[in-house]
Structures are given as C-alpha cells and as structure tokens.
There are 2 protein chains.
Amino acid sequence: MNADQERLEQALRSRDLRVTRTRRAIFAEILASSDSHLDVRQVHGRLMRKGRNVSLATIYRTLHLLVRSGLLSREDLGESHGHYEPKKRAAGHGHLICSSCGRVFEFADEGIRKALAEVGAAEDFRLEKYSLQIFGSCRRCRK
Amino acid sequence: MNADQERLEQALRSRDLRVTRTRRAIFAEILASSDSHLDVRQVHGRLMRKGRNVSLATIYRTLHLLVRSGLLSREDLGESHGHYEPKKRAAGHGHLICSSCGRVFEFADEGIRKALAEVGAAEDFRLEKYSLQIFGSCRRCRK
DNA sequence: ATGGGTGCAAAGCATTTGCAGTACA
DNA sequence: TGTACTGCAAATGCTTTGCACCCAT
C-alpha cells in the first residue's frame, strides 16, 4: 500500500465514507497521469481499457468527492469540460496552454502569488484561491 | 447614432455581414450592463422584457460573432456557462469573484501583467492572452 | 430578388439524479 | 446485516444545428 492510497483511506475514513475498489482505482488513475490533467472521459477510457467497468456517473461522483476531500482539484483549461489533477499545497497555480497543440504546462510562480495578494488587498478582498490560464503558443509549435 | 453602434456597423460591414436590429439590440444590451458581465440567459431576459422576441439561438450566434469580431470578450467566472463583456484594449484582465455574494470586480494590474510575461518567457511560451479568476470574500460579506 | 439572418424545435455534450441492485464496514 | 456505493438510464442545463421563413442590401 503506497502513501497516496493511505492518504485516500485516511481522507475517506475521517468522513465516514467507504474505501472501495472503484474509488481507489479512480484516485490512482489521476495520480498516475498527474501531468496530463485528465478529464472525465479519459479517466473512464483508461479504466475501461483495464477491464474495470466503471460508470461515468460514478466517476463524476467520485471526482467531486475527492475534490471536496481536498485530494484533487478541478481545473478549467478553457474547454467545455473540467480536468482533474492531484491537489497542490499552494492555494493556486497556473497553466500555460498552447492554443495550437493543446499541451498544458504548469507553473507556480512566487512573483504572481505576490502580485495577486496585492491586488486582493487593494480591493479589500480576502483571497481564497485563484485560477489562471495563459493561452499562447509553445516553442515547438512556433517553428 | 452613438459611437458604439458605429463601431458595430463598421465591424460588421468590414466582414460583409449585415447590420440588423437584433444584432444592434444584443450589442447594446451588453454595453448597457458592461459592469455586470451578463450571461446568455440574462441578455435574453432583458430583451424579452423590452418586448424584443429574440431566440436564445440567435443570442448565442450573435455573441460568438461579436467575440470573433473583437467587440466583446467571453469570460469564464467559475460557473458552468460563459459571461460577456465589452472587449478591453489589454490582452487580458482579471476578475475578483466573491464566493459568497457572487459579485465580480475587475482589475487590470500592471504588476500581474509583467509577472505573467516573465513566466511565459521562462517557458519559452509566446503569450497571447490570459484568463484569471481570484475567488475570495469581499469586505461586505466578511462582516 | 437573393442570400444572409432569425425563430423554432431537435440534437449534442457535459453533468446530475432516481432507483434498484451490490458490496463494504 | 444494513446502508453506503454503484450502474443504468432518464433527466437537466448550456450550447449548437437543421430547416423554413424573413428582411437587409
């Protein structure tokens, strides 16, 4: 049993929720592709290909649950559906999205964090989290 | 005929598109509520209340058109549907969104702009535009 | 008049929900 | 064993599309 699965068990048990095979599988799938920002259909496809018959409804329910429990975060990458990734410690981080090839690069820059805090302060706004998407073209696509 | 309507005519004519009553009305509605970030249903509601029988389909089509023409921009404010506002000169600006009352405050901070450009440069990414949402609680709601 | 614009209804996606059956504590 | 969990299918919400009619040019 690895550390991530233990975090999952702990999070679920502490909320009197059950630790099921399906929940383990869904959580593991997101972690295994932590740099790909999977969407619901991708998670479903990967599980089905492994012979796990999991319904879309359960995936939606489980992902919501894991987001509420603080294990995952849902990201908006400029498409009509959401993407999921393991939750970072910081209260937010940004995504560089290539408009051409669609690849996503993450970043968490301290300068931005500070600039955001200042903007919030100027408006007397208590910052909880932020969501930042930068669209552009990556080096590979510019050639 | 005011300056905004002239901009609309110019934008449409230059693309060999027709200047219709319906398009004028939709554009005017967004401008009239430029600080409210209207969504499609709100635009529809306001027009209907004024006795203009405009279909949702046409509103969707027209808003897309105006975004493509550079007159409006579509913003994602963390809901499952989009919001529209007059397009600003700058290639992007952010929104402070109160998680409690839902009010939206805009800002365009030079410090953030610079920090973003630096992040892009570090990854050799050519920045086209950005979208930034800061969630938190406004002063009024914290009391 | 003629081709683009519009309303209406149906279709398309992403997501949620009701319900009956299944499996974890 | 009892109840939360799950699959299935139907429902929902937002948005797009097909088609016949309408109106700017």
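A, B, ... follow the sequence lines: proteins, then strands. Residue 1 opens every chain. The basis for the numbers below is simple: all heavy atoms, side chains too, and nothing from hydrogens, waters or symmetry mates.
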Between D/dA24 (P) and B/R13 (CZ): distance, integer Å
12 Å
From NE2 of B/H44 over to P of D/dT15, roughly how many Å is that when rounded to an integer?
13 Å
Can you tell me the distance, in whole Å, between the CG atom of B/D76 and the C1' atom of D/dT15?
15 Å
Within this structure, what is the CD1-CG distance for the pair B/I26 and B/L47, rounded to the nearest 0.5 Å?
6.0 Å
Check the side chains of A/D39 and A/H81 for a donor-acceptor pair under 3.5 angstrom, ignoring hydrogens and angles.
yes
Could you verify whether a donor N or O on one side chain and an acceptor N or O on the other, from A/E29 and A/H44, lie under 3.5 Å apart?
no
Check this for me: does any side-chain nitrogen of one of B/R74 and B/E85 sit under 4.0 Å from a carboxylate oxygen of the other?
no
According to a 4.5 Å side-chain heavy-atom criterion applied to Ile, Leu, Val, Met, Phe, Trp and Tyr, with indirect links allowed, do A/Y130 and A/F105 form part of one hydrophobic cluster?
yes
Counting only side-chain nitrogens and oxygens, does B/Y60 get under 4.0 Å of the OP1 or OP2 atom of D/dT16?
no
Between CZ of A/R15 and C1' of C/dC24 the distance, given in whole Å, is 19 Å
Check nucleotides 5-8 of chain D for protein N or O atoms closer than 3.5 Å to its own N or O atoms and list the pairs.
unit_1 : atom_1 : unit_2 : atom_2 : d
D/dC5  : OP1    : A/R18  : N      : 3.0
D/dC5  : OP1    : A/R23  : NH1    : 2.6
D/dC5  : OP1    : A/R23  : NH2    : 3.2
D/dT6  : OP1    : A/T20  : OG1    : 2.7
D/dG7  : OP1    : A/N53  : O      : 2.6
D/dG7  : OP2    : A/S55  : N      : 3.1
D/dG7  : OP2    : A/S55  : OG     : 3.0
D/dG7  : OP2    : A/T58  : OG1    : 2.4
D/dG7  : N7     : A/R61  : NH2    : 2.9
D/dG7  : O6     : A/R61  : NH2    : 3.2

Look at A/R74 and C/dT15 and indicate whether a side-chain polar atom (N or O) is within less than 4.0 Å of OP1 or OP2.
yes
Could you state the atom-to-atom distance from CG of A/L63 to P of C/dT15 in whole Å?
10 Å
Roughly how many Å is it from NE2 in A/H81 to P in C/dT16, rounded to a whole number?
14 Å
Within this structure, what is the NE2-to-C1' distance between A/H83 and C/dC13, rounded to whole angstrom?
14 Å
Does B/H64 make a side-chain N or O approach to OP1 or OP2 of D/dT15 shorter than 4.0 Å?
no
Can you find a side-chain donor-acceptor pair between A/S33 and A/R46 that sits under 3.5 Å?
yes
